[in-house]
Amino acid sequence: MIDNGGADLTPTLRTAITLLEAGQPDQAVSSAHFHADKMMRLYGVDSEQVLEALKEHGWVLWWTGEQDRSITKFKQACALAEKISTPEIHLTLVTQLALLIAQTGQIEQARKELLKCCNLKINPEDQCRLFYHLAQFSLYLGDIESAEKQITQSETAVESLRKGFYWRSAALHAEIQKTISTSTKAFTSLGDINAEQLEELVSAVIIRAPESDPVILLEVLEDLREFLESSPESSMVQKLRTDSEIANLLGTLERHDDRINVIKSQIDYFSTATTLDKIQMKLAIALAHAEGFDFSNSLETYLQCIRELDSLADPELSFQAMFQFSMLLDQVQKFQEALHWLRLATEQAFKTDDLVGTLRAKGITGIVYLHQGKSDQALPYLREALERLSPSDPYAANVMKHWESFQAGQKCNCFNTVEINRQKVRKQIMSKSPRGYLRNVQITNENDTWKIDFDFARFPSAEMLRKIQTLSQEAKEKYLD
C-alpha cells in the first residue's frame, strides 16, 4: 500500500496509486504530468485546476522517490496559491512544503519557508498551527529561545478557545519547558480543565512519541501523570494510557526494571481492572523481562499467564500469550517446546478465524525449523507466510530476512554471540546511566576495536560524562573485550 502522506485522494492520485502498486512508477508520473498539462490548456496557468494539478504532480513525484522534483512542484503550487487563492490555502500548501523539506533533513530551510507566512492575515486556528510547526522546527534545530517564543504565540492565538490544535501546542510547550529546565513542572499553568479537555491533552502528549526525544517526553508524561492525579476531572482510563506510554518509553530507553515497576503499579492501582486486563499487563511484564535479557523470569511469567487463561476461554489473548512464549523459547534455543506452543497457538487462532495470526505462527514455525537446520520442513511454512502476509506486517520482515539468508546460503544472526553481547552492552549502559541524559548509544567495531558513541538529550557536565564513560568501559570489558 502507498502511504499518501496526508494527500487528499483525488481521481488523478488514485490512478497514480494504482499504477504504482502495479509496479509502473514512470507511467504514474507521466499520468500526473499529462493531467497537469491538460489543465493548463483547458483553464489557463492561473487557475484553481492547475493549482490542484501541481499538488497532485508533486505528490506522485514524492511517492516515486523524486524528492527534489516534488519539492519544486510544491514550490510552484505555493507561488500560484499566493497569487490566486486565500491566505489559508496558501498557508496550508506552504506548511505541506515545509514538512516535506523537513523530511529530507533540511530543517532550517523548512523553517525559512514557514517564516515567510508570519505576516499572512489568517484566522487564529491557522496561526496556532503555523507557530506550532515553527516551534517544532526551532526545537529540532536547538534554537530553544525561538521555540519558546513561537509556541507561546501558538497557544496565545487560541487561548480563549482551548480546543483542537491548542492542546497539541500545550504538549509541545511542555517538552520545550523540560528542555530548558528539568525542574519545571509541566501543565501547572493550565489550571483547572474539564474532562473533555483532559482527554485532548492526554492524546496530544501521547501522539508526540514518534517525533519527540524519549528522555524529554518521559519527563513530560510523568508530569502529566501527576497532573491527572491532582485533577478531580481525570479518569482511570486517562491514567492508564499515560502509565502505558511511560512504560513504553522506559522500554525504549532500556530501563526495563523501571518499566516493570510501572506495570506492576498499574495492576495494584487500577481496582476496576478485570482478570483479562491484569493478564495483559502481566504479558507486558513478560515482554519487558525478555527485552531486558531476563529470560528465566520472562518464561515463568508467560507460563503463569497461559495457565491463568486456561479457564477463561479467551482464544485471542491465549494466542498472544502462546505465540510470544514460543518466540522466546526459540530465542533460548528450546526448539521442540517452541514448535509445541506454536501448534497450540495456531489452534487458538483458528477458534477466532484469525488468518493473520495463523500465518504469523506459520512464519515463525518455519524460522524455528531453519534454526534446527531442517530446511525441507521450514520452506513450506516460510513460503506460505511470505505469499499471504502483508509485506507491511512486522512479522513478515523477520520471515523475509530468514528466507533471504537461506537463499544466499548464509546463517542468520539470531544466535550470534557478539551481536547479543553488543545488545547487552547497550542495555547496561542505557539502564544504569544517570537518568535524563542519554538518548541512545551506538556500538560499532572498527579494525577489531570496539567504539561507543553517545547520543545525549542534554549535554552532561564533565563529572556526569565521566560517570557514563566509566560505566560504558565496564560494560564493554564485561561483554566484548
As an exercise, state the distance from CH2 of W341 to OG1 of T365, rounded to the nearest 0.5 Å. 14.5 Å
Donor on one side chain, acceptor on other, H371 and Q333, under 3.5 Å: no
Just how far is it from atom OH of Y269 to atom NZ of K239, taken to the nearest 0.5 Å? 3.5 Å
Is the F323 ring parallel, tilted or perpendicular to the F319 ring (thresholds 30°, 60°)? parallel
Tell me whether the count of non-hydrogen atoms from other residues, nucleotides or ligands lying under 6.0 Å of CG in D192 goes above 12. no
Euclidean distance, S298 OG relative to F325 CZ, rounded to 0.5 Å: 8.5 Å
Any chance you could lay out the side-chain hydrogen bond (donor to acceptor under 3.5 Å, both in side chains) test for Q304 and E300, step after step, and finish with the verdict? CA-CA 6 Å; Q304 181 186 352; E300 183 180 334; over 6 Å; no
If we count only N and O atoms by modelled type, under 3.5 Å, do the side chains of H402 and E404 hold a donor and an acceptor together? no
Taking atom CD of E145 as the centre, report whether more than 12 heavy atoms of other residues, nucleotides or ligands fall under 6.0 Å from it. no
Rounded at 0.5 Å granularity, tell me how far CH2 in W403 sits from CZ in R383. 4.0 Å
For F270 and D243, run side-chain contact (heavy atoms from CB on, under 4.5 Å): C-alpha distance rounded to whole Å, both residues' side-chain angles, the deciding distance at 0.1 Å, then the answer. CA-CA 11 Å; F270 294 105; D243 280 346; 3.8 Å; yes
Kindly indicate whether the side chain of L198, heavy atoms from C-beta on, has any atom under 4.5 Å from the side chain of S231. yes
Is it the case that more than 12 heavy atoms not belonging to E196 sit under 6.0 Å from its CD atom? no
Once you round to the nearest 0.5 Å, how far does CG of L228 lie from CG of L240? 11.5 Å
Looking at A102 and I107, what are the two nearest heavy atoms and their distance? O-CD1, 3.7 Å
Please check if the side chain of T104 supplies one atom and the backbone of I101 the other of a donor-acceptor pair under 3.5 Å. yes
Can we say E159 and R162 salt-bridge, meaning some charged N sits less than 4.0 Å from an Asp/Glu carboxylate O? yes
So L172 and W167, do their side chains get closer than 4.5 Å, heavy atoms only? no
Please assess E419 against R422 for the test salt bridge (charged side-chain N to carboxylate O under 4.0 Å, His left out), listing each intermediate value before the final yes or no. CA-CA 5 Å; E419 182 57 35; R422 187 207 304 260; 3.1 Å; yes
Heavy-atom side-chain proximity of V220 to D223 below 4.5 angstrom: no
If I compare all heavy atoms of E219 with all of G436, which pair ends up nearest, and what's the gap? OE2-CA, 3.9 Å
With the side chain counted from C-beta on, respond yes when S70 and W59 share a heavy-atom pair under 4.5 Å apart, and no when they do not. no
Decide whether T275 and E308 meet the rule of one side-chain donor and one side-chain acceptor closer than 3.5 Å. no
Hey, is the main chain of N194 close enough, under 3.5 Å, to the side chain of Q197 for a donor-acceptor pair? yes
For L253 and L438, which heavy atoms make the closest approach, and how far apart are they? CD2-O, 4.0 Å
Would you say the side chain of R168 lies within less than 4.5 Å of the side chain of I207, judging by non-hydrogen atoms? yes
When the ring centroid of F165 is compared with that of F131, is the distance short of 6.0 Å? no
Return yes if some donor-acceptor pair links the side-chain N/O of D330 with the main-chain N/O of A338 below 3.5 Å, else return no. no
In short, L9 meets R14 closest at the heavy-atom pair O-NE, 3.4 Å
Rounded distance [0.5 Å steps], CG in L221 versus CD in E226: 12.0 Å
Between E211 and Q136, a side-chain donor and acceptor under 3.5 Å: yes
Check whether any side-chain heavy atom of D257 sits under 4.5 Å from a side-chain heavy atom of L250, and report yes or no. no
Applying side-chain contact (heavy atoms from CB on, under 4.5 Å) between I246 and each of T242, N248, L249, report the one that passes. T242
Around atom CD of E316, are there more than 12 heavy atoms of other residues, nucleotides or ligands at under 6.0 Å? no
Over all heavy atoms of both residues, which pair between A396 and L386 is shortest? Give the atoms and the distance, please. O-CD2, 4.0 Å
Donor on one side chain, acceptor on other, R426 and N440, under 3.5 Å: yes
Would Q238 and E199 count as having a side-chain donor-acceptor pair, cut-off 3.5 Å? yes
Does the side chain of S146 pick up a donor-acceptor pair with the side chain of S138 at under 3.5 Å? no
Angle between ring planes, F415 versus F335, binned at 30° and 60°: parallel, tilted or perpendicular? perpendicular
Steps toward side-chain hydrogen bond (donor to acceptor under 3.5 Å, both in side chains) verdict (E175, H173): CA-CA 5 Å; E175 289 181 48; H173 200 173; over 6 Å; no
Within the supplied structure, the quantity of interest is the number of heavy atoms (other residues, nucleotides, ligands) at a distance under 6.0 Å from E229 CD; does it exceed 12? yes
For the residue pair F406 and L382, establish whether any side-chain heavy-atom pair is separated by less than 4.5 Å. no
Backbone of P214 reached by a side-chain donor or acceptor of S212 within 3.5 Å: no
Pi-cation contact, Y381 with R388 (under 6.0 Å, within 45°): no
Are S390 and D393 close enough that a side-chain donor and a side-chain acceptor fall under 3.5 Å? no
What is the minimum heavy-atom distance between A135 and I176, and which atoms define it? CB-CD1, 4.3 Å
What I'd like to find out is whether the side chain of Q469 reaches to under 4.5 Å of the side chain of L471, using heavy atoms alone. no
